[in-house]
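Working notes, structure below.
Everything numeric here is computed off the predicted structure, so don't read it as measured data. We number each residue from 1, following the sequence as shown.
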Amino acid sequence: ADNTIIVFTSDNGPHIEGGADPDFFNSNGELRGYKRDLYEGGIRVPFIVKWNGVVKENSRSEHVSAFWDFMPTIADIIGAELPESVDGVSYVPELTGEGEQRNHDYLYWEFHENNGRQAIRKGDWKAVKYDVHNNGKIELYNLATDVSEEKNLAEKYPERVAYFDSLMKVSRTESELFKFQ
């Protein structure tokens with residue numbers, strides 16, 4: 001136990017396949033969406049770390065990260081070098097309370113099925129766009145005041161919607177394996 005890091009986490013969101021009913025056990029709590037959704041219920045997961053003598057017991061963090069930060073974090077812990085193309089950021093400073101934690105400017109997700117879905121989180125703001133291939137509209141949420149993503153603020157903040165729309169256009173990387181069309 002003194003030289004082992006234990007991580008408990010989950011795949012993104014409860015699923016509805018095979019007759020599963022995530023609402024029966026309130027699997028998402030107050031979060032909207034399921035697996036393959038880009039609302040918080042589809043992408044937010046628990047992440048618990050036990051690292052004796054390093055991570056303080058019963059500590060809690062509001063650090064926003066994504067699973068692509070896991071590899072840089074483990075590489076940082078073991079002293080391995082990463083390729084320059086890695087998008088992730090080590091969150092060792094957040095775990096240890098030592099050093100300065102680097103943050104992402106924003107996080108971007110996309111899902112190619114169901115006519116395409118995109119989402120960006122920047123600070124407390126989150127933009128979600130469904131039906132991308134049919135020019136779907138961007139929804140806008142302030143997660144600090146609306147973690148359930150119930151109050152779409154897109155009409156109230158059109159300049160923010162335009163900003164997120166431009167980010168969605170430049171954030172994606174084309175892939176021969178996963179075509180987003």
For [X] and [Y], test the side chains for any donor-to-acceptor distance below 3.5 angstrom and give the result as yes or no.
| X | Y | value |
| --- | --- | --- |
| Ser61 | Tyr91 | no |
| Tyr108 | Gln118 | yes |
| Asn58 | Lys56 | no |
| Tyr130 | Asp37 | yes |

Linking I/L/V/M/F/W/Y whenever any side-chain heavy atoms sit under 4.5 Å apart, do [X] and [Y] land together?
| X | Y | value |
| --- | --- | --- |
| Ile74 | Val54 | yes |
| Val7 | Val45 | no |
| Val89 | Ile78 | no |
| Tyr163 | Val161 | yes |
| Tyr34 | Val147 | no |

Does [atom1] belonging to [X] count more than 12 external heavy atoms closer than 6.0 Å?
| X | atom1 | answer |
| --- | --- | --- |
| Glu159 | CD | yes |
| Arg102 | CZ | no |
| Asn134 | CG | yes |

Closest heavy-atom contact between [X] and [Y]?
| X | Y | answer |
| --- | --- | --- |
| Arg44 | Leu31 | CD-CD1, 3.8 Å |
| Gly41 | Asn28 | O-OD1, 3.6 Å |
| Val86 | Pro72 | CG1-CG, 3.8 Å |
| Glu94 | Gln101 | N-OE1, 3.0 Å |
| Ala20 | Pro22 | O-CD, 3.5 Å |

*Is there a side-chain contact between Lys122 and Arg160, using heavy atoms and a 4.5 Å cut-off?*
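When only atoms from C-beta onward are counted, Arg160 and Lys122 do not touch, as no gap falls below 4.5 Å.
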
Supply the atom-to-atom distance [X] [atom1] to [Y] [atom2], rounded to the nearest 0.5 angstrom.
| X | Y | atom1 | atom2 | value |
| --- | --- | --- | --- | --- |
| Ile120 | Asp165 | CD1 | CG | 9.0 Å |
| Ser65 | Phe47 | OG | CZ | 6.5 Å |
| Tyr39 | Leu143 | OH | CG | 12.0 Å |
| Lys126 | Asp124 | NZ | CG | 12.5 Å |
| Ile138 | Leu140 | CD1 | CG | 8.5 Å |
| Ser171 | Lys169 | OG | NZ | 12.0 Å |

Side chain [X], main chain [Y], donor-acceptor under 3.5 Å:
| X | Y | answer |
| --- | --- | --- |
| Ser148 | Glu30 | yes |
| Glu139 | Asn152 | no |
| Arg36 | Phe111 | no |
| Asp76 | Val92 | no |

*Using the side chain to side chain contact (heavy atoms under 4.5 Å, CB included) rule, pick out the option among Val49, Leu95, Asn52 that qualifies with Ile5.*
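Passing option: Val49.
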
*asked:* Out of the candidates Asn12, Ile43, Ile16, only one should pair with Lys35 under the side chain to side chain contact (heavy atoms under 4.5 Å, CB included) rule; please name it.
replied: Asn12

*Take Trp109 and Arg117, measure what side chain to side chain contact (heavy atoms under 4.5 Å, CB included) needs, and give me the verdict at the end.*
CA-CA 8 Å; Trp109 296 267; Arg117 297 174 176 182; over 6 Å; no

*For the pair Asn103 and His63, evaluate side chain to side chain contact (heavy atoms under 4.5 Å, CB included) and give the outcome as yes or no after the intermediate values.*
CA-CA 8 Å; Asn103 294 306; His63 176 70; 3.0 Å; yes

*asked:* What verdict does the side chain to side chain contact (heavy atoms under 4.5 Å, CB included) test give for Glu155 and Lys137, after you've listed the backbone C-alpha separation in whole Å, the side-chain angles of each residue and the deciding distance to 0.1 Å?
replied: CA-CA 11 Å; Glu155 287 186 21; Lys137 294 195 181 286; over 6 Å; no

*Under 6.0 Å between ring centres, would you say that holds for Tyr157 and Trp125?*
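Yes - the distance between ring centres of Tyr157 and Trp125 falls below the 6.0 Å cut-off.
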
*Check the pair Glu149 / Arg32 against salt bridge (charged side-chain N to carboxylate O under 4.0 Å, His left out), numbers first and verdict last.*
CA-CA 6 Å; Glu149 296 169 293; Arg32 175 182 181 183; over 6 Å; no

*asked:* Parallel, tilted or perpendicular: which one describes the rings of His104 and Trp68, with boundaries at 30° and 60°?
replied: perpendicular

